[in-house]
Protein chains: 2
Amino acid sequence: MRPSKRGELVQEALRIFYRDGFHATGMDLLSAETGISKTTMFKHFRSKEDLILAVLRLRDEQFRNWLFRRMEQAGPPRAQLFAMFDALGEWFGSPDFRSCMFIKASSEYPDPAHPIHAQSAEHKRLLFTQVEKLAAQAGAKDPAQLARGLLLLKEGAIVTAHLGHEADPAGDAKMVAGTLMADLPA
Amino acid sequence: MRPSKRGELVQEALRIFYRDGFHATGMDLLSAETGISKTTMFKHFRSKEDLILAVLRLRDEQFRNWLFRRMEQAGPPRAQLFAMFDALGEWFGSPDFRSCMFIKASSEYPDPAHPIHAQSAEHKRLLFTQVEKLAAQAGAKDPAQLARGLLLLKEGAIVTAHLGHEADPAGDAKMVAGTLMADLPA
DNA sequence: CGTTTAATGAACCGATCTGTTCACTTTGGC
DNA sequence: GCCAAAGTGAACAGATCGGTTCATTAAACG
């Protein structure tokens, strides 16, 4: 029964923070909705900020695992890059989609020097590294530039799916990605 | 001396909300930093939410005026569309740039049914209409699709400028926009 | 069995939250 | 100079904030 409640708490807090926001979610509500006592929460995390950082670590791992596993199923690198937008489309279609956790975190903690903001930026950096590698494997002349372009489209699609009126931002992004990867070797 | 303090309050509140976030900014701090008494604030706005809605209306007007005025200076429609990314680049370079007010608002009020979220979505809709018109004037075969692509790049660039490590997201976005508009008549 | 560790519930802390009340002062227009 | 509108300051309200304290319970491990 060692660290059982801790993981459960992080998982549930992720769900609730994602749904309602960070500032808008109090520790009392968190305790009430998870059934985990406040005493226990503060035994595992010395502050709300520490809990949020743990939540973001979990989300980073979850999200990148999910995305790249789904991309790998598409086969060769070029197809994998296209598949990123198919995965996004499925995500956008899920009923509890509410944008990107890290964009939300950086919105609520706008100071880049804030640990929560910094850790969110780190997630984006890790994503870039993985996409850049795939772009190189796909034979891009400038893998970094292709990766930057594709990730611009990804972030734009996420924001638009949450805030915009568009029917299929992932599909739109995939089309633009097509013009970007047109000169790639098959 | 009619509605003097009201406008001043909205303007200052815009600055402070943009800098620190909505939930993180209390009405007392707002009163202290603007020098406007809390009594007066609540005489002009019956709630914080009403004030935020007024702030968003002002921001919508300010931002679209600024952006499209700057684009108009670029000359013909095609050049105007490219100029959007130059304008973004200048914005990103300003020392107090902290992402897009409406993305931030939708992050803090994630429920699409919430008035603040809905009004943020309306801003994006207005932007789309204007860009779509320009795309039509530029001779695009599918103006709506071109507008959607360009705005994906715009939103992605904004998020990346705030959260990412990239040196020049506006420049990256402009390059991708170039591949999108390659077949446009000069 | 006994000990340690995890977890609980509820009360409590001071600070801050949105919003109100009220008596007072300033200001502009006639 | 008068009146009405606009603004002020400070206290107040009740709720909630992040975080702590403490006595108690439950369970894993030797």
Side-chain angles (χ1 to χ4, degrees), chain A residues 1-58 104-105 107-111 114-117 119, chain B residues 1-58 104-105 107-111 114-117 119:
Chain A
M1 182 222 204
R2 203 82 91 282
S4 128
K5 290 278 173 184
R6 187 194 156 104
E8 188 186 331
L9 170 58
V10 176
Q11 217 168 346
E12 286 290 284
L14 167 49
R15 206 193 85 240
I16 299 168
F17 281 139
Y18 181 67
R19 187 190 62 199
D20 298 337
F22 297 98
H23 284 98
T25 302
M27 297 298 273
D28 286 287
L29 179 139
L30 227 48
S31 169
E33 189 156 346
T34 62
I36 297 170
S37 72
K38 231 163 63 142
T39 320
T40 301
M41 296 174 56
F42 279 101
K43 200 164 292 174
H44 286 302
F45 301 97
R46 62 181 54 181
S47 68
K48 183 183 182 180
E49 181 178 317
D50 277 9
L51 172 59
I52 292 177
L53 289 171
V55 162
L56 293 182
R57 275 189 294 271
L58 174 62
K104 289 153 76 79
S107 292
E108 293 213 41
Y109 301 89
D111 180 358
H114 193 290
I116 292 177
H117 190 110
Q119 187 162 315
Chain B
M1 182 222 203
R2 201 83 89 287
S4 131
K5 290 277 173 183
R6 187 193 157 105
E8 189 186 330
L9 169 59
V10 176
Q11 217 167 346
E12 286 291 283
L14 166 49
R15 208 193 84 241
I16 299 169
F17 281 140
Y18 182 68
R19 187 190 60 199
D20 297 337
F22 297 98
H23 286 98
T25 302
M27 297 298 272
D28 285 289
L29 180 140
L30 227 46
S31 169
E33 190 156 342
T34 62
I36 297 170
S37 73
K38 233 166 55 148
T39 319
T40 300
M41 297 175 54
F42 279 101
K43 200 164 293 176
H44 285 301
F45 301 97
R46 63 181 53 181
S47 69
K48 182 183 181 180
E49 182 179 316
D50 276 10
L51 172 58
I52 293 177
L53 289 171
V55 161
L56 293 182
R57 275 189 294 271
L58 174 62
K104 289 154 77 80
S107 292
E108 293 213 40
Y109 302 89
D111 180 359
H114 192 291
I116 292 178
H117 190 110
Q119 188 163 314

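Sequence lines set the chain letters: A, B, ... in the order given, protein chains first and strands last, and positions in each chain run from 1. The structure displayed is predicted, hence computed values, not measured ones. Values below: every heavy atom of this structure, side chains too, minus hydrogens, waters and symmetry copies.
As a whole-Å value, the separation of A:Arg6 CZ from C:dT8 P is 15 Å. As rounded to whole Å, 10 Å separates atom P of C:dG19 from atom CD1 of B:Ile52. To the nearest angstrom, C1' of D:dG18 lies 13 Å from CD1 of A:Ile116. D:dC17 atom P lies 10 Å from atom CG of A:Leu30, rounded to whole Å. Taking atom CE of residue B:Met41 and atom C1' of nucleotide C:dC17, one finds them 13 Å apart after rounding to whole Å. Rounding to whole angstrom units, CZ of residue B:Phe45 and P of D:dA6 are separated by 14 Å. Taking atom CG on A:Leu9 and atom P on C:dT8, their separation rounds to 10 Å, with Å as the unit. Between A:Arg46 atom CZ and D:dT21 atom C1' the separation is 18 Å, expressed in whole Å.
With a 6.0 Å cutoff to the six-membered ring centre and a 45° limit on the axis angle, A:Lys104 counts as a cation-pi contact of A:Tyr18.
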Restricting to nitrogen or oxygen on both sides, can you table the protein-nucleotides 9-13 of chain D pairs closer than 3.5 Å?
unit_1, atom_1, unit_2, atom_2, d
D:dG9, N7, B:Thr39, OG1, 3.4
D:dG9, O6, B:Thr39, OG1, 2.6
D:dA10, N6, B:Thr39, OG1, 3.3

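Contact record, A:His117 with A:Asp111: CB-O, 3.3 Å, taken as the closest heavy-atom pair. Contact record, A:Lys48 with A:Thr25: NZ-O, 2.8 Å, taken as the closest heavy-atom pair. Taking each heavy atom of A:Phe42 and A:Ser47 in turn, the nearest pair found is CE2-CA, 4.2 Å.
If you check every strand for non-hydrogen atoms under 4.0 Å, B:Ser31 touches nothing.
Heavy-atom nearest nucleotides on DNA chain D were determined for A:His23 and for A:Lys43, and the one closer to the 5' end corresponds to A:His23.
Among the nucleotides D:dG18, C:dT18, D:dG7, the one closest to the side chain of B:Phe42 is C:dT18. Listed nucleotides C:dT8, C:dG19, D:dG18 differ in distance to A:Lys48; the shortest reach to its side chain belongs to D:dG18.
For the pair A:Met27/A:Leu51, a side-chain contact is recorded, criterion being any heavy-atom separation below 4.5 Å from C-beta on. No side-chain heavy atom of B:Ile116 sits less than 4.5 Å from a side-chain heavy atom of B:Phe22.
For B:Arg19, the side-chain contact (heavy atoms from CB on, under 4.5 Å) criterion is met by B:Arg15, B:Ile16, B:Glu33, B:Arg98, not counting sequence neighbours.
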